[in-house]
Structures are given as structure tokens and as C-alpha cells.
Amino acid sequence: MTGILQFFWDNKDLIFIIILSVYLGIEVISHVPAVLHTPLMSGSNAIHGVVIIGAIIVMGHAESTLSLILGFLAVILGTLNVVGGFVVTDRMLEMFKKKKK
Amino acid sequence: MTGILQFFWDNKDLIFIIILSVYLGIEVISHVPAVLHTPLMSGSNAIHGVVIIGAIIVMGHAESTLSLILGFLAVILGTLNVVGGFVVTDRMLEMFKKKKK
Amino acid sequence: METFTIQNSILELSYLGASVLFILGLKKLSHPTTARAGNLWAAGGMTAAILFTILFHEKEGASIGNIPWILAALAIGSFLGWYASVKVKMTAMPQMVSIFNGMGGACAALISLMEFPHLQTELALAGDSHMFTGPAVAILLGLMIGSVSFAGSMIAFLKLDGRIGDIKHPILRIVNLTFLVVLLIALVIIMLIQPVSGNNWPIYLFALAALIYGVTFVMPIGGADMPVVISLLNSFTGVAAAMGGFLYDNQAMLTGGILVGSSGTILTILMCNAMNRSLLNVIIGAFGGASGSGAEAADKTVKEISLSDSAVLLSYSQKVYIVPGYGLAVAQAQHLCHDLDNLLTDKGVEVKYAIHPVAGRMPGHMNVLLAEADVPYEKLVEMEDANNEMGNTDVVVVIGANDVVNPAAEDDPTSPIYGMPIIKALDARNIIVIKRSMAAGYAAIPNNLFYHAKNRMLFGDAKAVLQKLVAEIKSL
Amino acid sequence: METFTIQNSILELSYLGASVLFILGLKKLSHPTTARAGNLWAAGGMTAAILFTILFHEKEGASIGNIPWILAALAIGSFLGWYASVKVKMTAMPQMVSIFNGMGGACAALISLMEFPHLQTELALAGDSHMFTGPAVAILLGLMIGSVSFAGSMIAFLKLDGRIGDIKHPILRIVNLTFLVVLLIALVIIMLIQPVSGNNWPIYLFALAALIYGVTFVMPIGGADMPVVISLLNSFTGVAAAMGGFLYDNQAMLTGGILVGSSGTILTILMCNAMNRSLLNVIIGAFGGASGSGAEAADKTVKEISLSDSAVLLSYSQKVYIVPGYGLAVAQAQHLCHDLDNLLTDKGVEVKYAIHPVAGRMPGHMNVLLAEADVPYEKLVEMEDANNEMGNTDVVVVIGANDVVNPAAEDDPTSPIYGMPIIKALDARNIIVIKRSMAAGYAAIPNNLFYHAKNRMLFGDAKAVLQKLVAEIKSL
Ligand SMILES: NC(=O)c1ccc[n+]([C@@H]2O[C@H](COP(=O)([O-])OP(=O)(O)OC[C@H]3O[C@@H](n4cnc5c(N)ncnc54)[C@H](OP(=O)(O)O)[C@@H]3O)[C@@H](O)[C@H]2O)c1
Ligand SMILES: NC(=O)c1ccc[n+]([C@@H]2O[C@H](COP(=O)([O-])OP(=O)(O)OC[C@H]3O[C@@H](n4cnc5c(N)ncnc54)[C@H](OP(=O)(O)O)[C@@H]3O)[C@@H](O)[C@H]2O)c1
């Protein structure tokens, strides 16, 4: 119990930010029309590509060749996620461009 | 410039929480129908009565009689805001109770 | 920053819970079916935050003292608040909300007034040569915004209660702006003075100036716009509460205040949108004035209808729509309106009410007014639905409404209300308008509906006319 | 926790900006008119976060090294990602999204694999006797979720691309559950081992198990449900990215990941709702199967129509609605469909398309399909609007659609699709259904529309039938 309270105390701002973000994520997309489901999925797919920052950090501080190689791979994969995601979403949305609601 | 960056650094979590809260406040009520404008105003009016916590803290640590008296007054005012606000809102909403949307 | 203790952690947890309840409460408050629950959720969060503060708050190791006094204050405040809210007439709700809002502002200002000397001693002990610190900013802003909100709310209350009128004079706008600038300069100056200058007069003067600014800010705004102003002042008080949150590093105060600040601002804008106006337009207090089509009125003739003809027309109709407006509220004729409805219903006429969202002077005004007269909810039809049924309505009876049935909103692009949705009385077979004269309504523009071939005027005070009309129908 | 430097502060500021852009981008992405801008905003936030990380990130005073390599990796990834997205056929978009999602998952897993030994040495130096710490939880969860997401996405891709079929066996469900339990137990065990145990095989085994679980999780789910699964895996990857955010105390990763995690979950649920199913129902892979009205089919007769009769009927109509469905996409007959449309339009027939939101196998499938065949957007009418016009439509041509026109959704409460909105083909004067047989569609339930007196079947592959029909109309 004390452990949990201590953990909460140490991370209270972070926990609050997470709660707010979770709720905001829900609120923000809750009125999306069905026809945008696929582009929205694809766009948010690109956003989680932000994990690439972790890959860059690992690579930027890599000490062994092995971690340099793995990091290199990770950065490529992350970039694929980011760039591919945004470009594909843009292409999809181009299809809807004249649709007004 | 450094001063601002320092300030940002010291309060970054807080600033982020504020930004998220501002945005959440906007998102959460942005689909309210006109007929609920008055109860919503009244309900959020009650919520800012949370300032009463400050009054309680002041009073709880008051050293002079003057601050005790002023604190006493502040707590009464704050309670008026909170209790009155919620009760009035409830009464208003009772009026709409059979209205479905 | 306090250090970890179990108490502190539990307190923070309760604040987190309260913040979440505030958010969910606001969310629920904005949907008709869940609004009442939302209000309760927010109230639950508030209760928890207050309770846990009394139980667990610590400052430099000392827990909350003076508990009997605190409880006494809470009891007094609760009783007064509860009593006032239960006794107030439904139609006087906006006044009540304004008073409560003012109390919150005053509370925030008082806190700042008390914390200022504390901060002074603290900074003096630390040997600071000026007060330019985060807490000082929070205290001064809290004092300023709280005072403005308090004074402004009181004026709004007095106006709504009809105790003072509008004081419109171009010079007030300049006075206003000057005061605002002076306030901001004073804020900076106070922060530059030495912590312990001995006397506190600068801050008292500052508070006084803020109070005066609150008065001059609201004074020139039209009484009819008070609901919008109250909503704006409400969001001000939210910001003042958030300043307290900064000061005490208190999550509940911070989130609660910020939420109200931001949602209140949006709500204010939504209210203005519903009336087809901008916030600036409301504050400066200028509605369009004479519209382009004003001059035309002179050539046109208005047809009146007698009480007996009205009685006959209504009694032999199949379907009647009543369009209530501000005049009905002014005349306090809601009960008579319900009598008319009952009488006609007994004769087999289908009677319904077409409710425009901004009819009256506050959102939901007509709902509250008619609910007071026990009109069943099923009979209150929302604008869009009512408009769909207008085509097969025999008579539309417009009682003390004007702008909300003004066809200029649809066909005159130069009209200041152009684009506002209206109740399409013109689609019905006959129209009867009950009002005292040809005078304009809130938007101060002429209404061509009154000159339409389908329309008949029944002049007089709504209460008097309805009384006679009811008597006439009974005697048929 | 790093200490204040100007660089650090700028970096944090850029992360804050990126987070805000992600939020606003998501918001805009969910409105038709702003969706494209929203995508750009999010991309802008991402670019800023990456750029500022390279420029300003510091770890224990050391800034980012190996910059040429990093730039090379970024260039390679960008080129491949861009090339793949530009070349992919519109109808293969879901596969593409699935692959990209898998890449993100793999990236998260790789990061965890690399950070684990670092953490081991760190903790060993600090003399800890086990790995039970916050960072370890973040690393292991990131590894697990990332791997599941990677493996699952690859299977989803292969299924959508038609390279593997469904493997449905009740035993898979048990295998699945067992693996999940084993994974969670392994997670706890790994955290209890001593930091430097020398060899890393437990974590490799753990990663392997997670990969296998990803495969067995997606394997039994029907290929048609892949869009929903991809959305779910998408939100998994979001959570994996958020774990990275914990690990590096990185605001951008944290917010970006959490946002995708929560909005992705809601999106998944919304997608299920649009098909009138629950998420559990999709994952367990059971649609209603035979509905109550299945038996009735035997007694009823189906009327066919000849090609020449169809040609005449269509040519002499005033208004024709085409209802496209999954079969049109399978047959790749969208261009022929457009030819038919052009031909009829030239003859003065008004031709429009009624688009059901879940026609096909992914949301927006029909929009994308018809856009590919250059059908003008104005002709694509949304379900509700199309239904309003059905009453004065002469012929509805249903091409390869089935569930989306099944009247059971409206009149058979025992049907698994009861309550799903449908295109009300029955309201039109004549109906022609083009499909290969009487076989059921995605929901595997019979369709009484086919037996209705108004309806005529035109059996055959959509492409072949349309080809002949177009020829027939031309020769009229
Ligand atoms: N609901 C809100 O939130 C809100 C807030 C602020 C402003 N507004 C604005 O207020 C207006 C509301 O429209 P509305 O049609 O309800 O009212 P209105 O346009 O203000 O018209 C009210 C009419 O009632 C008549 N009247 C006044 N006292 C009367 C009495 N004792 N007996 C009979 N008639 C009487 C007046 O004409 P006579 O003088 O000839 O009798 C007047 O023309 C809109 O312009 C709206 O934008 C609304
Ligand atoms: N849009 C989404 O996001 C999504 C995702 C997953 C599932 N779903 C579900 O998918 C269904 C979509 O409904 P739908 O009406 O579009 O499709 P459907 O109900 O699956 O029916 C498609 C019909 O097309 C016919 N067909 C197949 N190949 C054909 C060909 N080559 N030529 C002519 N006809 C052919 C089939 O009949 P024959 O075999 O007799 O030819 C089949 O009955 C809904 O149940 C929806 O819930 C939608």
C-alpha cells in the first residue's frame, strides 16, 4: 500500500498527464464519421511511429557495433512507420477531397 | 529568454497539464445543445467554487484573529458558491428531466 | 514542494479523483439525458476534495487547525446557499447564479489579500529586493480577476433584478480601457516594490481599482445581455481559482479552475453564436440598430383581429402552435397561457408550444417558464421539429415573441439577425401576434411578419389579453 | 531526470509542441473537411520532434553521435516508406497500413531488446538484487506489446493479401490463452532474476513467445475482420510507444503513444459498432451463423431476369441507383460499373451510387474503389440521403452487395444484423441483384430481399455480367 502511494506520489504529474491524454484521445475522435475510419486509423498509425525517437536516442549513444546495427534497423523500421503512414493517409484523403459533410 | 526557458523547464509538467485541461474543457462541452447553456453555466459556476479549498487552507493555518475572521468569511463565501451552485443547477435540471434528445 | 508522506499522497490522490470527477461531470452536464447526474458527479468530487483537505492537509508539518470554526463556516455557507437556491423563483435563476459566481470571485480575492502579507514576510526573510516571483503573480492576478468578477457579478445581478438600468455613454468605454491599463501597470509596480515596505496600501488600492473596473466593465452592457456576461465572469472566476491552484500547488483547484475557465469561455461564445452575435458585439453593447428594411414599414398596413374573432378562430381549429417569447415572461402570463391551452384542448384542439432556443433572455428561458406553469414537457416542441409541422398548423399564436419569428433572418441579408434560425410562423395557415405595440424586440429591428397578409395583431399586455381571450372562449 | 540547460529546455518545448500537434492533428483527422490538414499537422509535429531530438538530445552530457548513420537510416526508411505508399494500389491500402504498423511494433521491440542489457548493468552497479523497477516494467511491456503487434500485423497483412487463409480450430483459443498467461508469468519471473546473470536468453525467449502469441492471436480471426484487428494492433503499438516514453522520460513519445492507444481503442469499438458487432465477437471470430429465418428460404422462389430485359429496363428508367458491395471489389468491376453509368447517363438516365458505410471490407472501401474508377464524388450518395430518394427511384442495381441491403436488419429481431442501418432497396420500384449465386455474404445469413416480388436476380461474376450488360445496352 505504502509502495503504491509512494509510486503515485513520485509520478503524480505524469499519471495525471496520462489520464488527461487518454481521455482526450477518446473525446477527440468520438464523433468521426464511418467513412473516415480507415484514414484515421492510418493517420494514428503514423503517430505512434514517434517511437522512432527512442531508436534515434539508442543509436546516438550506441557503444558497440551490434547496437549500432540494431539501432540502424530500428530507425529504418520507425521511419517506414512514420513516412509510410503519413503518405498513405494523405493519398487516401485525397480520394475524399471533394466530399463535404 | 533563458529566464523563460528556465521557467518552462521548472514547470513543464504543470504547463502540459494546463494545456491539456484547457483543451479538454473546450472539447468536452463543445456539443452542448442551446437548452442546456444555462444549467451548464450554473454547474461550472459551482465547480470553480473549488477555490474554497484555498480558503480552508488559509483558515486552517491562520495565526492572527484578523486572518481567522477573513478566512471565516472566505469559507462562507466559497461554500455559498459551491452549495448554492450545485443546488440551483439541480433544480434547473429537474425542469428538463423528461426531455430526451 | 512537500515531501512524501502517506497523508500527502492520499490527499493528492483525492485531488486527482476530484479533477477527474469535474471533467466527467462537465461532460455529462452537456448532454440532456445525463446532465443531472453530471452535476452530482462534480458535486461528489467537490465534497471529496473539501473533506480530504480538512483531514489530510499539512503545511510545514502542521495539519489543519481551527476545525470547529471551519466547520461552522461550512455549515453557515451551506445553509445559506441551500436556502437561497431552494427559495429562488425559477425565472430568477440567472440572478442567483450571478450572485454565487460573485461569492466565488470574492473568496478568491480574499485569499489573495491574506496570502500577500505572508509572501511579503517570506520574501523579506529570504532577502529578496523585489516581489517579482511566480507566487506574487498568482496572488495579484487572483486578486484582480476575483475582484472584477465579484463586482461585475453584483452589477449583473442588480441589472437582471431590475434594480439598476443600463448606463450607456461613449465615455464609459474610455474609462474602462483606462482602468484596465492602470490595473496592469499597478500589477507590475507592486511586483517591483520591496517585500516588506511596512504598509499594504498599494495592494488595497489595487483591489479597489479592480472592483471599480468590474463595475465599469458591466455597467454599459445591455441588461438583456447579462446571461452572456455572467457566463464570461464565470470563466473569469475559474481563472482566479486556478491562480489559487498555482499558489498552493493544488491539483484540484488548478484543474477545476482551468476547466471552468476554458469551457466557460467556449460556452460564452456558443451563447453568442446562438443569437448570431459576436462576443465583442455584446461587450461593446451595440446590436445592429436600424436595419435596411426599416423604412419600408411606413407604407404597409397592419391588420388587427378582435378578441371574439380570435376566440372563434382558435376554437374551431384542429392544430394550434403557441410561440412564447420574452413578452410572455415579462407579463408573467405563463399560467394564463396554460389555461388557454387547457381550454382549447378540452374542445378537441391539438395545442403545442414551439420553443426557440434563444427565445426570452436566457437559454432555456421558455422551458423554465412553462415548466413553472406545469405545462407538460411533451407539449414543448423544439424549433426544428415544430417547423416541420408548421405546414399543417391552423393557427400560430405568437405571444410576446418578436425576433424569433422575424422572417428577415431568412430573407434579408442586410439584417443583423440574418442567418439566425427562426420559427417559421409564415408556413401556418393563420397567425395571431399578441404584443402591446408595434415596438421592436431585443434586436431592435422591425418585423415584416406583422405586415403579412396572413397575420393579425391582437394588441395589449400578454396577461390582460390572455385573460380576456380565455373568458371569451369560455363564453362561446 | 536531467537538469536544466537551454538545450534541454528547447528540446522539451519542441516535444510539448509535437504533442499539441498530435492532438490537434487527430482532432482534424476526424472531420471530413479538415482531415488532410490534420494529417499534415501531425506529420509536422513528428518532423519537429525528430529534428530537435537529433539536434539537442543529451544523455549524461553527451549529445547524439553517429549522426551520419542516423541520417542514412532516416533516408533509407523515408525512401522505402514513401515509395511503397505511392505505388500501392488504393484497394491494397489496409495491407500497407498493417505493414507500417508492424514496423512500428518491431521498432519498439528492438529498442527494448537493446535497453534491457543497459538496465542490467546499471542495476548491477547499483547493487540491486532483482530487476523489479519501473524501467524494467516499461522495457518488458514494450518488448511484449511491440512483438505481438509486429507478428499480428504481419499475419493480418498476409491474410488481407490472400496469401494465407483462416485457421479456425477451437483449440487455438486455448493455445492463445495459455500463451498469454505464460507471457505474463515470464514477465514477472524476468523481473525477479538478478540483474547481471550473464546470459540474456530469458529475454530472447520472452520476445519469441510474444511473437508466437501475436501469430496465434490473429490466426483464427476471419480475414474479413482484419481492418478491425489492424485498428486494435495499431492501438497496441501506441501503448508500446508510450512505454518508450516512460523509459526515456520523453513527453512526445508518451503523449503520442497514449493518444494512439486510447483513440485507437475507441476507433476499434466504433468500427465494430458500425457493423453491429462487439469487439469480443470479432476476436472470438463468431458471427451469428444461421439465423432463425434460414429455413424459410427453401419454400420461396427466386425470379431471374435476362440481360436484354435488364438492358431495356435500365435504358428506359428515369432514375437508377447502383448499390456497390464487396463483390464489386472482388470482381474488380469498378471500371465497368462506371462504363454502365456513363452509358445510361448519355441516354438521359439519372445514375447515382448509394454508399453504405460498411459496404466492402474496410470503412470507406466503396469510396476508394469508385474513386479509382474516376466516378465523380457528387454521384456517391451517403446512405441516409440515398434512402430518402429511394421512393422515386425506378431501378436499384445491387452489384455484389448482400448484407448491406438485407431487410432482416429492419424486420427480423432474431437476426444477428438486426439494428444495423441498411440501404432500403425495397423502397424502389424495381430491384436487380447481380451476384454469382444465392450464397450468403460476410454475415453468413440468408437475404429475403432476393425472394421479394420486386426483385430480379442477374446471376454471374460482376465483371462478366457488367461486360455483357454494357454490350447489350450499346446494341439497343
Ligand atoms: N435566450 C437567450 O439566451 C438570450 C439572451 C440575450 C438575448 N437574447 C435575444 O432575445 C431575443 C429573444 O426573442 P423573443 O422573440 O423572445 O423576444 P424579443 O424579440 O425581445 O421580443 C419580445 C417582444 O415582446 C413584447 N412584449 C414585451 N412585454 C410584453 C408584455 N407585457 N405583453 C405582451 N408583449 C410584450 C415586445 O413588444 P411590445 O413592446 O410591442 O409589447 C417585444 O417585441 C432574441 O433576439 C435573442 O437573441 C436571448
Ligand atoms: N466495411 C468494413 O469496414 C467491413 C469490415 C469487415 C466486415 N464488414 C462486413 O462486410 C459486409 C459488407 O456487406 P456487402 O453487402 O458489401 O458484402 P457482403 O454482404 O459480404 O456480400 C458480398 C456479396 O458479393 C457477392 N460476390 C462475391 N464475389 C463476387 C463476384 N466476383 N461477382 C459478383 N458477386 C460477388 C457474394 O455473393 P456470391 O458469392 O453469390 O457471388 C456476396 O454475397 C457487412 O456485413 C459488413 O459488416 C465490413
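Below, all heavy atoms of this structure are taken into account, side chains as well, without hydrogens, waters or symmetry copies. Within every chain, numbering begins at 1; the chains are lettered A, B, ... in the order of the sequence lines, protein sequences first and strands thereafter.
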Honestly, the part of D:Phe22 sitting under 4.5 Å from a heavy atom of chain A is both
Does any heavy atom of chain A fall under 4.5 Å from the side chain of D:Leu26, the backbone, both, or neither of them? both
Contact list (residues 232-240 of chain D to chain A, heavy-atom gap under 4.5 Å, by number) returns D:Asn234, D:Thr237, D:Gly238
Under a 4.5 Å heavy-atom cut-off, does chain A meet the side chain of D:Leu247, its backbone, both or neither? neither
If one checks every heavy atom of D:Glu60 against chain A at 4.5 Å, the contacting part turns out to be neither
D:Ser78, part contacting chain A, at a heavy-atom distance under 4.5 Å: both
Heavy-atom distance under 4.5 Å to chain A: side chain of D:Ala84, backbone, both or neither? neither
Where on D:Ser63 is there a heavy atom nearer than 4.5 Å to chain A: the side chain, the backbone, both, or neither? backbone
For D:Met253, is it the side chain, the backbone, both or neither that has a heavy atom under 4.5 Å from a heavy atom of chain A? both
Would you find a donor on one side and an acceptor on the other, under 3.5 Å apart, between the side chain of D:Ser30 and the backbone of A:Ile29? no
Choice from A:Ala62, A:Ala34, A:Gly54 maximising heavy atom contacts with chain D below 4.5 Å: A:Gly54
Set of side chain to side chain contact (heavy atoms under 4.5 Å, CB included) partners for D:Ile64, sequence neighbours left out: A:Ile56, A:His61, D:His57, D:Ile67, D:Ile70
Run through A:Asn45, A:Ile76, A:Val50 and flag the one making a side chain to side chain contact (heavy atoms under 4.5 Å, CB included) with A:Asn81. A:Asn45
Counting only heavy atoms closer than 4.5 Å, note whether D:Phe150 contacts chain A via side chain, backbone, both or neither. neither
Okay, side chain of A:Ser42, backbone of A:Thr38: is any donor-acceptor separation there less than 3.5 Å? no
I'd like to know if the side chain of A:Arg91 reaches the main chain of A:Phe86, judged simply by a donor and an acceptor atom lying under 3.5 Å from each other, with no hydrogens or angles considered. no
If I measure from the heavy atoms of chain D, does A:Ala55 come under 4.5 Å with its side chain, its backbone, both, or neither? both
Is it the side chain or the backbone of D:Phe246 that comes within 4.5 Å of chain A heavy atoms, both, or neither? side chain
Segment of D:Met46 engaging chain A (4.5 angstrom heavy-atom cut-off): side chain
Using non-hydrogen atoms only, which part of D:Met362 is less than 4.5 Å away from chain A: side chain, backbone, both, or neither? both
Can you tell which of A:Gly25, A:Pro39, A:Gly78 has the highest number of heavy-atom pairs within less than 4.5 Å of chain D? A:Gly25
With a 4.5 angstrom heavy-atom cut-off, which part of D:Val358 approaches chain A: side chain, backbone, both or neither? neither
Proximity breakdown for D:Asn250 and chain A, heavy-atom pairs closer than 4.5 Å: side chain
Say whether, by atom type as modelled, one donor and one acceptor occur between the side chain of D:Ser98 and the main chain of D:Ser153 under 3.5 angstrom. yes
